[in-house]
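First comes the structure, then the notes that go with it.
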Amino acid sequence: MATDNNRFQAIISHCKEYGFIFPSSEIYDGLGAVYDYGQWGSELKKNIKDHWWKSMVQMHENIVGIDAAIFMHPTTWKASGHVDNFSDPMIDNKDSNKRYRVDHLIEAKADELEKEGQQEQSEILLKEMDTLLAANDFDGLKTLIENNKINCSVSNTCNWTDVRQFNLMFSTEFGAVSSEEEENKIYLRPETAQGIFVNFLNVQKTGRMKIPFGIAQIGKAFRNEIVARQFIFRMREFEQMEMQFFIRPGTQKQWYEHWKAERMKWHLGLGIPAEKYRFHDHVKLAHYADAACDIEYDFPIGFKEVEGIHSRTDFDLKNHQEYSKKKLQYFDNDIDPATGKPFGNYIPYVVETSIGVDRTVMMILSEAYEEQDLSTDEKKDSRVVLKFPARFAPIKLAILPLVKKDGLPEIARTIMEDCMGHFRCFYEEKDTIGKRYRRMDAIGTPFCVTVDHQSKEDNTVTIRYRDTMLQERIPIDKIREIVLKAI
RNA sequence: GCGGAAGUAGCUCACCUGGUAGAGCGACAGCUUCCCAAGCUGUAGGUAGCGGGUUCGAGUCCCGUCUUCCGCUCCA
């Protein structure tokens with residue numbers, strides 16, 4: 001793992017040095033677990049998103065996309081379970097460094113008291129806890145723990161930190177006038193999915209969508225992380241590409257398996273070998289799921305989750321229906337072969353595929369990054385090359401006059417004019433040709449064409465391939481076609 | 001959160017036991033060059049993370065602080 005970690009660090013350095021990814025607000029010492037995409041990183045990321053969108057939306061007649069706002073009505077997060085499940089006061093034991101939810105800790109003590117026959121004591125304890133929790137009285141909660149001599153089960157001591165609130169969600173104030181009032185508080189979405197659920201009927205009706213159908217979305221989400229490390233793998237502000245697939249109740253198992261297989265096919269289609277992937281089935285399921293798994297990729301830091309496939313049941317739509325008092329149901333006219341009657345009215349079940357954009361970027365980078373030793377007997381030589389699939393490369397084509405005189409730049413410029421409207425090109429006339437090739441390797445440009453004196457005679461150039469470093473002579477008017485075919 | 005290490009030019013690093021900062025690469029300008037980095041000339045770039053202390057004098061010693069990396073913990 002030690003060398004793998006070096007590889008991981010090398011990739012991070014390379015990303016910064018070659019304009020892919022910078023730490024956020026670096027001139028102010030950075031902002032924890034937030035990163036900015038630079039000139040080439042943003043191109044790479046955009047290409048990945050475009051590819052996903054194309055394969056999920058464009059290639060499926062029954063899937064459409066939306067772009068919901070990041071701000072949502074606060075009740076959304078009550079309905080989704082995010083408020084209740086992820087904003088509990090926590091406390092750490094200083095000796096064992098074990099972290100507990102305060103309510104769990106106290107409830108366990110109450111259970112214990114009850115078992116010992118101290119029914120009354122137990123009830124008093126729980127009642128006090130409820131009062132303090134309702135009042136957000138953290139000092140009081142700590143005192144309660146200490147007074148009742150509640151020990152950590154690992155260290156068996158009562159040496160506790162202060163009670164702190166763990167907030168999964170970022171909150172902000174809605175409205176220009178600042179106020180202490182709670183009702184002005186709204187959250188930055190911690191997942192994009194809810195924007196799809198609250199628009200379920202809008203899309204279904206206006207798009208005349210028939211079950212089974214999907215709604216896709218690419219967008220930012222925000223979560224406070226307990227530990228924030230590992231580069232862009234775990235960020236506070238991140239981007240998701242997800243699709244919620246609405247289905248008949250009872251068919252969830254079959255669709256879950258379908259999307260598991262489909263999504264893995266997509267991953268293998270990136271040119272990444274199968275042994276770099278594995279499924280990881282969730283044993284402990286989130287509050288909304290009846291089956292869930294991750295697709296994990298073998299990063300330099302080990303196998304880690306890139307994508308999640310969840311069978312979310314009707315949890316979300318059912319809760320939104322309850323909280324909003326609006327019917328979120330689908331009328332299914334199709335005939336059920338089992339009964340000979342229409343399926344009728346129901347809240348659809350949902351299978352979700354959710355892939356992290358930033359994690360995919362990191363996966364593509366990890367897969368592409370290669371340090372090569374090109375030494376011969378005469379001379380030591382090496383290069384760093386990013387072997388991106390051509391469709392993801394930030395720059396598709398570099399156009400290089402061999403020397404910057406004798407009319408060569410002029411010819412190169414006409415090639416530039418011809419190609420720049422079709423894909424990202426880069427023109428460069430500085431330095432020796434070898435140096436320019438290597439610079440392009442470092443940012444993963446798949447093709448370089450070089451204009452030389454022969455170009456003036458017969459309108460040909462040499463095209464040089466990034467991965468093999470081989471060159472061949474091609475007519476100038478074929479360049480565009482060759483690159484377009486590859487991307 | 002705890003423990004360890006490190007923070008000097010864009011990058012990698014040097015300055016040994018305190019005396020007012022240097023190299024290579026890179027960048028830029030030019031020369032040379034007819035196909036794979038490290039040929040020649042020139043230029044720019046650092047108040048040594050930040051704050052304080054000791055000292056005649058600190059990058060170099062001491063304290064604090066911030067950031068990063070490694071390990072443990074945590075991971076909804």
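Remember, it's a predicted structure, so these values are computed and weren't measured experimentally.
- To the nearest angstrom, C1' of B:G30 lies 9 Å from NZ of A:K430.
- Partners of A:K16 according to the side-chain contact (heavy atoms from CB on, under 4.5 Å) rule, which considers only residues two or more places apart in sequence or in another chain, are A:F22, A:P23, A:E26.
- Note on A:S13: nothing from the nucleic acid sits closer than 4.0 angstrom, heavy atoms only.
- Using the Watson-Crick or G-U wobble rule with both distances under 3.5 Å, B:G30 pairs with B:C40.
- Judged by distance alone with a 3.5 Å cut-off, no donor-acceptor contact links the side chain of A:E17 to the base of B:C11.
- For A:R234, the side-chain atoms get nearest to B:C75 when compared with the rest of B:C35, B:C11, B:C75.
- A:W259 and A:F245 have perpendicular rings, their planes meeting at more than 60° on a 0 to 90° scale where under 30° would count as parallel.
- Of the candidates B:A37, B:C11, B:C36, B:C11 carries the atom nearest the A:K16 side chain, counting heavy atoms from C-beta on.
- Residue A:D452 contributes atom CG, which lies 16 Å from atom P of B:U33 at whole-angstrom precision.
- Distance check on atom P: B:C63 versus B:G4 gives 13 Å, rounded to whole Å.
- Using the Watson-Crick or G-U wobble rule with both distances under 3.5 Å, B:G10 pairs with B:C25.
- Rounded to whole angstrom, the span from the CD atom of A:E429 across to the P atom of B:G30 amounts to 9 Å.
- If you take atom C1' in B:G10 and the same atom in B:U54, they sit 35 Å apart, rounded to whole Å.
- Atom name C1', nucleotides B:A27 and B:A9: the rounded distance is 11 Å, in whole Å.
- The cationic atom of A:K45 (NZ for Lys, CZ for Arg) lies less than 6.0 Å from the six-membered ring centre of A:Y37 and within 45° of the ring axis.
- As rounded to the nearest Å, B:C75 and B:G59 have P atoms that lie 46 Å from one another.
- For the 3.5 Å distance criterion, the side chains of A:E307 and A:H267 qualify, holding a donor opposite an acceptor.
- Nucleotides B:C31 and B:G46, compared at atom P, are 28 Å apart to the nearest Å.
- Here A:H422 pairs with A:R480, A:L484 under the side-chain contact (heavy atoms from CB on, under 4.5 Å) rule; sequence neighbours left out.
- In this structure, A:I27 atom CD1 and B:G10 atom P are separated by 14 Å, rounded to whole Å.
- Rounded to the nearest Å, the gap between the C1' atom of B:C25 and that of B:G45 is 14 Å.
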Checking A:T450 against A:Y437 for the side-chain hydrogen bond (donor to acceptor under 3.5 Å, both in side chains) test, could you report, in this order, the C-alpha distance in whole Å, the side-chain angles of both residues, the deciding distance, and whether it holds? CA-CA 10 Å; A:T450 301; A:Y437 285 155; 2.7 Å; yes

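- A donor-acceptor contact under 3.5 angstrom links the side-chain atoms of A:R464 to the base of B:C36.
- Salt bridge status for A:D431 with A:R439: present, with a side-chain N to carboxylate O gap under 4.0 Å.
- B:C15 is unpaired under the Watson-Crick or G-U wobble criterion, no partner having all donor-acceptor distances under 3.5 Å.
- In this structure, CG of A:L408 is placed 13 Å from P of B:C35, rounded to the nearest angstrom.
- Atom CG of A:D431 is separated from atom P of B:G39 by 11 Å (rounded to the nearest Å).
- In this structure, A:Q9 and A:Y28 both approach RNA chain B, and ranking their closest nucleotides by distance from the 5' end singles out A:Y28.
- Remark: the separation of the C1' atoms in B:G18 and B:U55 is 9 Å, to the nearest Å.
- As the counterpart of B:U60, no nucleotide is assigned, since no Watson-Crick or G-U wobble pattern has both distances under 3.5 Å.
- Heavy-atom nearest nucleotides on RNA chain B were determined for A:D381 and for A:L31, and the one closer to the 5' end corresponds to A:D381.
- Separation of the A:Y297 and A:F299 ring centroids falls under the 6.0 Å cut-off.
- For B:G45, there is no paired base (Watson-Crick or G-U wobble, both distances below 3.5 Å).
- For the segment residues 436-450 of chain A, the set of residues with a heavy atom within less than 4.0 Å of an atom of RNA chain B comprises A:Y437, A:R438, A:R439, A:T450, in numerical order.
- Atoms CG (A:D406) and P (B:C34) sit 10 Å apart, rounded to a whole Å.
- Each of B:A29, B:U33, B:C35 was ranked by its minimum atom distance to the side chain of A:T432; first place goes to B:U33.
- Within the shown strands, nothing qualifies as a pairing partner of B:U54 under the Watson-Crick or G-U definition with both distances less than 3.5 Å.
- As rounded to the nearest Å, B:G22 and B:C66 have C1' atoms that lie 28 Å from one another.
- Taking the ring centre of A:F279 as origin, the terminal cationic atom of A:K260 falls inside the region bounded by 6.0 Å and 45° from the ring axis.
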